[in-house]
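To start, the structure itself, in structure tokens.
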Amino acid sequence: MKSNESLLQERLKHVPQGPFNTHPIFAAKAKGAIITDIEGKEYIDFAGGIGVANVGHGDEEVLRAVHDQIDKYMHTCFHVVMYEPYIELAKRLNELTPGNFPKKTMFVNSGAEGVENAIKVARHATNRTATIAFEDAFHGRTLLAMSLTSKMKPYKLGFAPYAPEVYRMPYAYCYRCAFGLEYPSCELHCAYFLRDFFNTNISAEQVASLIVEPVLGEGGFVVPPKEYFKVLQKICQDNGIVFIADEVQTGFGRTAKMFAMEHFDIAPDITVMAKSIAAGLPLSAVTGKAELMDHPQVGGLGGTFSGNVVALRAGLAVLDQFKKKSLLKRAEQIGKKMIDRFRAFQKAYEIIGDVRGLGAMVAMELVTDRKTKEPATAFTKQLVARCREKGLLMISAGTHSNIIRTLMPLVITDEQLEKGLSIIEESLSELQK
Ligand SMILES: Cc1ncc(COP(=O)(O)O)c(C=O)c1O
């Protein structure tokens with residue numbers, strides 16, 4: 001049997017370094033919230049394959065649907081011979097996403113591809129070119145999605161020129177306010193700033209869409225004030241700009257609502273989904289107002305693998321499992337527990353500058369000094385490694401990689417959650433002596 005170390009050597013030899021690896025281990029199997037590596041060591045999974053395993057690894061109903069579909073056929077290409085699961089999941093997402101207006105849904109393969117298609121639709125429907133995105137945003141790694149992404153290293157360095165017509169403004173990152181203000185006395189300056197932006201950066205009549213994450217994902221689980229999106233959306237509406245919500249990481253129950261924009265009472269013009277939508281099979285969805293989605297000409301959208309039938313069957317099973325297992329309620333319980341414990345850690349450990357979250361999307365931001373808020377990037381890396389040694393898999397986030405974020409499967413048991421939290425506490429205390 002191969003060891004993690006021997007496979008790692010082969011990986012280094014045959015696979016380029018670009019596709020990054022957080023943990024130097026190889027998976028043998030995964031079930032619920034536990035991943036077992038090829039040496040038989042079990043890990044509690046607080047990463048969920050970067051937010052993909054909300055229904056848990058190896059969910060029985062998802063597996064049943066996938067096996068059933070594979071036995072029938074795996075691919076005809078929706079553009080050649082159609083299949084019912086595409087229509088069925090589209091119908092369900094049209095009903096499920098926020099907004100009481102006629103909607104239509106198309107499927108592609110990844111978050112980045114979903115983002116690209118949303119931007120294409122908005123451009124076509126408005127006959128405008130520009131997109132407004134945000135600082136600390138992450139929208140993927142394909143050329144346009146990477147151009148919308150904010151963080152330079154490692155996502156953008158060396159890959160210029162970027163796609164044109166992307167304009168960037170600060171996000172409502174209250175812990176590190178770009179304007180040096182404080183909520184609520186700021187009166188949401190960062191949202192109203194969009195109006196100034198039209199004078200200083202790009203004219204409103206040139207802007208096709210504004211794309212925004214309801215809670216920053218890779219940017220570090222930053223949760224804006226409740227009224228933030230209302231202001232942004234109103235300004236977009238007043239100027240004929242398509243409001244796109246990137247719910248790739250926040251979607252499918254992570255924040256204890258099916259979609260995070262529900263917390264803000266927002267119905268976006270277009271919602272992009274991926275990650276936990278199909279429990280690990282590559283699938284993303286773009287759901288939007290019917291008149292927008294229908295704008296591009298026949299053949300203007302799609303792709304060979306787009307809306308693969310096996311992934312769609314998994315997606316249908318995921319929605320059933322959310323109901324059957326009351327996963328939204330569970331996300332709320334997990335979130336409460338995590339926030340309470342992280343706040344207790346914050347009291348005990350100077351290194352934790354901020355604790356925040358929405359539902360089960362919880363994070364702590366580590367800083368070397370609470371006053372200067374200097375990012376504790378090296379410490380965060382050490383903490384992730386120490387936790388792994390003790391049997392807990394975590395990933396970091398943030399433009400400075402100094403944020404611990406939690407994306408555990410929502411089927412995690414209380415015991416596993418408790419054990420994971422104890423490992424974090426133990427590691428914090430060992431590292432911050
Ligand atoms: C908010 C958001 N949008 C888009 C993406 C890109 O998704 P993918 O990696 O599936 O292309 C991600 C991935 O982390 C994400 O978090």
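For ligands, and for the atoms within them, numbers begin at 1 and follow the listed sequence.
- Taking a cutoff of 4.0 Å between a charged side-chain nitrogen and a carboxylate oxygen, D68 and R64 do not qualify as a salt bridge.
- Atom 16 (O) of ligand 1 has its closest protein heavy atom at Q249 NE2, 2.8 Å.
- Set against the non-hydrogen atoms of E213, the atoms of ligand 1 under 4.0 Å away are 1 (C).
- By the neighbour-count criterion of 12 heavy atoms within 6.0 Å, atom CZ of F305 is sparsely surrounded, having that number or fewer from other residues, nucleotides or ligands.
- Scanning all protein heavy atoms for the shortest distance to atom 8 (P) of ligand 1 gives G111 N, 3.5 Å.
- For the pair D246 and ligand 1, a heavy-atom separation below 4.0 Å is found.
- Checking each of K373, R405, Q346, R176 against E365 for a side chain to side chain donor-acceptor pair (under 3.5 Å) leaves exactly one that passes, namely R176.
- Residue contact check for ligand 1: S110 places a non-hydrogen atom closer than 4.0 Å to it.
- Looking at atom 14 (O) of ligand 1, its nearest protein heavy atom turns out to be K275 NZ, 2.9 Å.
- In this structure the side chain of P296 reaches within 4.5 angstrom of the side chain of V121, judged on heavy atoms.
- The backbone and the side chain of A112 each have at least one atom closer than 4.0 Å to an atom of ligand 1 (non-hydrogen atoms only).
- Classified by interplanar angle (parallel below 30°, tilted 30° to 60°, perpendicular above 60°), the ring pair F134/Y171 is perpendicular.
- Counting heavy atoms closer than 4.0 Å to ligand 1, residue R141 contributes nothing at all.
- Residues K153 and S401 bring no donor and acceptor atom of their side chains to less than 3.5 Å of each other.
- The neighbour count for D238 CG, taken as heavy atoms of other residues, nucleotides or ligands under 6.0 Å away, is above 12.
- Annotation for ligand 1: atoms under 4.0 Å from non-hydrogen atoms of G140 are 6 (C).
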